[in-house]
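Read the structure below first, then the notes.
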Amino acid sequence: MSEDNWDVVVIGGGGAGLAAAVSAAEQGASVLLFESQTELGGSTQLSAGLFTAAGTSVQRGLGIEDTAEKFFQHYMDLNHWILKPGLVRAFCENAGPTLEWLIGLGVEIPARESANAHMPGLCQAGVEDVWRGHVPKDQGYGLVQVLDKARRERGVEVVMNTRVQALVVEDGSVVGVVADDIEVRASAVVIASGGFAQNKDLVDRLYPFANRGGDSLFVVAAPGSQGDHLKFGEQVGAAVTGEGWGLMLPTAYFQRYHHWQSGFPPKSRIYVNGDGRRFMDEDASYAVSTGIIDAQEGGAWVVFDEKARLNLPAGYADWAPERILEEVDSGRTLRADSLAELAGVMDVPAGALEAAVARWNEQLPNGADDDFLRHRTLANKGSTANPDPIDEGPFYAARLLPAELVCTHAGVEIDSNAAVLDQTGRPVDGLFAAGEAGAGILGLRYVGGGNAVANALTMGRIAGLSAARTARGESTATSAAMTTAGI
Ligand SMILES: Cc1cc2nc3c(=O)[nH]c(=O)nc-3n(C[C@H](O)[C@H](O)[C@H](O)COP(=O)(O)OP(=O)(O)OC[C@H]3O[C@@H](n4cnc5c(N)ncnc54)[C@H](O)[C@@H]3O)c2cc1C
């Protein structure tokens, strides 16, 4: 090895890139990682670190029996079987072993029930029948710290503040990258540059659904999410998949900050549609909630009363009582002394709104929501006190829409070795991808909290192993996915 001839170069130092770098180095590869920003971590560092996996020691510690097979079935069903089963299968097989690998590196996930994405332990990730949401201590920041320590211990070099400009391609093979106008040669390259949520042109082209957020759209992905993977993919004629998919969280139109309850309203509020009717469990996982909201003709509203405005639970900065009054004064949040009047300004049938609120008042404030089963999701979140009835005027209505853009799913298509495929479906020699950059696993439906971090770290780990094997001159016909899963 010489300094300008590395075994593996990794583009991007978020979750996928760090996992790839550590796993390649574990194979004895010399690894150089480029990060465009002044610190490592990307969106992974901003995340709750929630990690979906099946058959783990954490689940076993809680007496939960689970298998990759069940995870796979659930994943495919939720995605209408439009993803490639072999690739998803490899992911589901490897998510559990990757979680154990992380625990071995120092990530702490206690075997205890967790009520939310900020309490270390095991929580309900989405709409799975057994809980698969693994919440690590110190969240995404904790994951990045552990991986960064592991990469330092394994001698992975990092070049910060340096955005890789292009791949070096010779005779159809990837043989390095260009950064700071300097060519750096490598036997294999891993693209782990994240998604494109911060690149408006790419969002318009590949995830226009995000624009349903209109003026309320806010992007929480890390600033480095510029979509460079698509530019690199173009250089080698890579296939692109996952167009039109990503994760938008439902929010009240005035929300601007990501917080740990993102995607859910504070208690004692209900959602109604353009017919003035309640239509969903307001605490439903965003595995399904955005789709349900988007399916409502005439949009959706959050309805609440004066008591709810004033008695705000902790952690909902955007919903502060005085903020709501500012929104009312601006005319954007609606207010009326009676539900019938409120229905009038919302332009929904008054009888339906009154019936929806009456039905709510007789149900969940008394402990059960027979219509939408919200009592079950609230209980899973450790919520013990019943929500209040909506019965104290004035009453309020605010537009609800998917407006928080978290991550994007369109990227260069990969196979189960994390090898990038060209438009004929063949692997591109010397090129691997993972995380939001490497597409095919994050699908039509986000399978619940933990889907994207699990994808980034699991496929990053596989990409690193595959890249190290390529550097050793081994064929990728030996499945890296099967090796990491211990199969
Ligand atoms: C606020 C928030 C909360 C979230 N919570 C969760 C959660 O709890 N669970 C979950 O599963 N998912 C969550 N997600 C989504 C998840 O965090 C991401 O999808 C996942 O971490 C992406 O990992 P990645 O490695 O692909 O990208 P990133 O972690 O974004 O890393 C990509 C890195 O590449 C760098 N880069 C980009 N271009 C270049 C270039 N040309 N050269 C060099 N470097 C480059 C970027 O700066 C960045 O550091 C959350 C996302 C956000 C924003």
Side-chain angles (χ1 to χ4, degrees), residues 9-21 32-53 95 116-118 123 125-126 132-136 139-144 147-148 158-167 177-180 184 189-199 218-232 246-247 249 257-260 262-263 286-287 404-409 411 433-439 441-442 446-461 463:
V9 160
V10 178
I11 307 173
L18 285 168
L32 179 65
L33 182 149
F34 287 98
E35 168 53 52
S36 63
Q37 307 297 301
T38 51
E39 64 175 336
L40 294 170
S43 287
T44 310
Q45 169 144 278
L46 303 178
S47 79
L50 193 53
F51 188 118
T52 307
N116 60 61
H118 277 228
C123 70
R132 299 199 175 104
H134 296 74
V135 187
Q139 316 255 281
Y141 175 80
L143 291 177
V144 168
L147 284 166
D148 188 31
V158 167
V159 183
M160 300 295 295
N161 211 8
T162 304
R163 184 173 179 180
V164 170
Q165 297 153 279
L167 303 176
V177 301
V178 179
D180 276 344
V184 178
V189 171
V190 177
I191 306 173
S193 50
F196 56 85
Q198 293 286 0
N199 182 325
F218 68 109
V219 182
V220 294
S225 310
Q226 297 292 341
D228 289 358
H229 58 299
L230 296 156
K231 189 176 66 180
F232 302 140
L247 177 61
L249 297 187
Y257 300 108
H258 179 83
H259 46 66
W260 64 267
S262 271
Y286 39 80
E404 177 178 343
L405 175 53
V406 179
C407 60
T408 57
H409 298 182
E436 287 179 53
I441 293 166
L442 294 177
Y446 195 82
V447 175
N451 195 165
V453 164
N455 170 57
L457 300 187
T458 303
M459 298 316 290
R461 180 172 173 238

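Counting starts at 1 for both ligands and their atoms, following the listed order. Quantities reported herein were computed from a predicted structural model and do not represent experimental measurements. For reference, positions follow the sequence shown, starting with 1.
Taking distance alone, with nitrogen or oxygen atoms compared against 3.5 Å, A452 approaches ligand 1 more closely than that limit. Where the criterion is an N or O separation shorter than 3.5 Å, residue side chain and backbone included, F232 fails it with respect to ligand 1. Every N/O-N/O distance between A221 and ligand 1 stays at or above 3.5 Å. For D228, a nitrogen or oxygen atom sits less than 3.5 Å from a nitrogen or oxygen atom of ligand 1, counting backbone and side chain alike. Considering backbone and side-chain N/O of S43, one or more are found under 3.5 Å from N/O of ligand 1. At under 3.5 Å, a nitrogen or oxygen of G15, whether backbone or side chain, sits near a nitrogen or oxygen of ligand 1. Note: an N/O pair closer than 3.5 Å links V453 and ligand 1 by distance alone.
For Q139 (side chain) and A117 (main-chain N/O), a donor-acceptor pair under 3.5 Å exists by modelled atom type. Judged by distance alone, the side chain of Q45 and the main-chain N or O of L40 form a donor-acceptor pair under 3.5 Å.
Set against the non-hydrogen atoms of G435, the atoms of ligand 1 under 4.0 Å away are 26 (O). Atoms of ligand 1 lying under 4.0 Å from at least one heavy atom of Q37, given by number and element, are 47 (O). When each atom of ligand 1 is checked for a heavy atom of A456 under 4.0 Å away, the hits are 23 (O). Those atoms of ligand 1 with a heavy atom of A16 less than 4.0 angstrom away are 25 (O). Interface of R163 with ligand 1, defined as ligand atoms under 4.0 Å from a residue heavy atom, comprises 40 (C), 41 (N), 42 (N). When each atom of ligand 1 is checked for a heavy atom of C407 under 4.0 Å away, the hits are 19 (O). Interface atoms of ligand 1 facing F34, defined by a heavy-atom separation under 4.0 Å, are 43 (C), 44 (N). The distance from ligand 1 to the heavy atoms of I11 drops below 4.0 Å at these ligand atoms: 40 (C), 42 (N), 43 (C).
Residue contact annotation: L247 has no non-hydrogen atom under 4.0 Å from ligand 1. By the 4.0 Å heavy-atom criterion, G450 is counted among the residues contacting ligand 1. Judged by the shortest distance from any of its heavy atoms, G41 lies inside the 4.0 Å radius around the atoms of ligand 1. Residue contacts with ligand 1: A117 is excluded, as none of its non-hydrogen atoms falls under 4.0 Å.
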Checking F232 against V164 for the side-chain contact (heavy atoms from CB on, under 4.5 Å) test, could you report, in this order, the C-alpha distance in whole Å, the side-chain angles of both residues, the deciding distance, and whether it holds?
CA-CA 10 Å; F232 302 140; V164 170; 3.9 Å; yes

Run the numbers on V453 and L50 for side-chain contact (heavy atoms from CB on, under 4.5 Å), then give the verdict.
CA-CA 7 Å; V453 164; L50 193 53; over 6 Å; no

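Distances from atom 32 (C) of ligand 1 to the heavy atoms of A192, G133, G42 put A192 nearest. The residue from H229, E404, E35, E436 that puts a heavy atom closest to atom 49 (O) of ligand 1 is E35. Of all the listed residues (V164, V10, T44), T44 holds the heavy atom that lies closest to atom 20 (C) of ligand 1.
The nearest heavy-atom contact from the protein to atom 52 (C) of ligand 1 is V406 CG1, 3.7 Å. Of the protein's non-hydrogen atoms, the one nearest atom 38 (N) of ligand 1 is S193 CB, 3.4 Å. In this structure, atom 27 (O) of ligand 1 lies nearest to the protein heavy atom G194 CA, 3.4 Å. Scanning the protein for heavy atoms near atom 31 (O) of ligand 1, the closest one is G14 CA, 3.2 Å. Closest to atom 17 (O) of ligand 1, if we only count protein heavy atoms, is S47 CB, 3.3 Å. Of all protein heavy atoms, the one closest to atom 9 (N) of ligand 1 is L50 O, 3.0 Å. The protein heavy-atom contact nearest to atom 34 (O) of ligand 1 is G12 CA, 3.2 Å. Remark: minimum distance from atom 44 (N) of ligand 1 to any protein heavy atom is reached at S36 N, 3.0 Å.
To the nearest 0.5 angstrom, L247 atom CG is 8.0 Å from E404 atom CD. For the atom pair NE2 (H409) and CG (N455), the distance works out to 8.5 Å, reported to the nearest 0.5 Å. Atom CG in N161 sits 8.0 Å away from atom CD in Q37 (nearest 0.5 Å). The line from CG of L143 to CG of D148 is 12.5 Å long, rounded to the nearest 0.5 Å. In this structure, CG in L405 is found 9.0 Å from OG in S225, a value given to the nearest 0.5 Å. Note that CZ of R132 is 12.5 Å distant from SG of C123, once rounded to the nearest 0.5 Å.
At a heavy-atom cutoff of 4.0 Å, ligand 1 is contacted by the backbone of N451 but not by its side chain. By the criterion of a heavy-atom distance under 4.0 Å, the side chain of Y446, and not its backbone, is placed next to ligand 1. Neither the backbone nor the side chain of A222 comes within 4.0 Å of ligand 1, counting heavy atoms alone.
At least one side-chain heavy atom of V189 sits less than 4.5 Å from a side-chain heavy atom of I11.
Ring orientation note: the planes of H229 and F196 are close to parallel, at an angle under 30° on the 30°/60° scale.
Of the listed residues (V177, V178, V9), just one forms a side-chain contact (heavy atoms from CB on, under 4.5 Å) with L167, and that residue is V177.
Within 6.0 Å of the OH atom in Y141, the count of heavy atoms belonging to other residues, nucleotides or ligands does not exceed 12.
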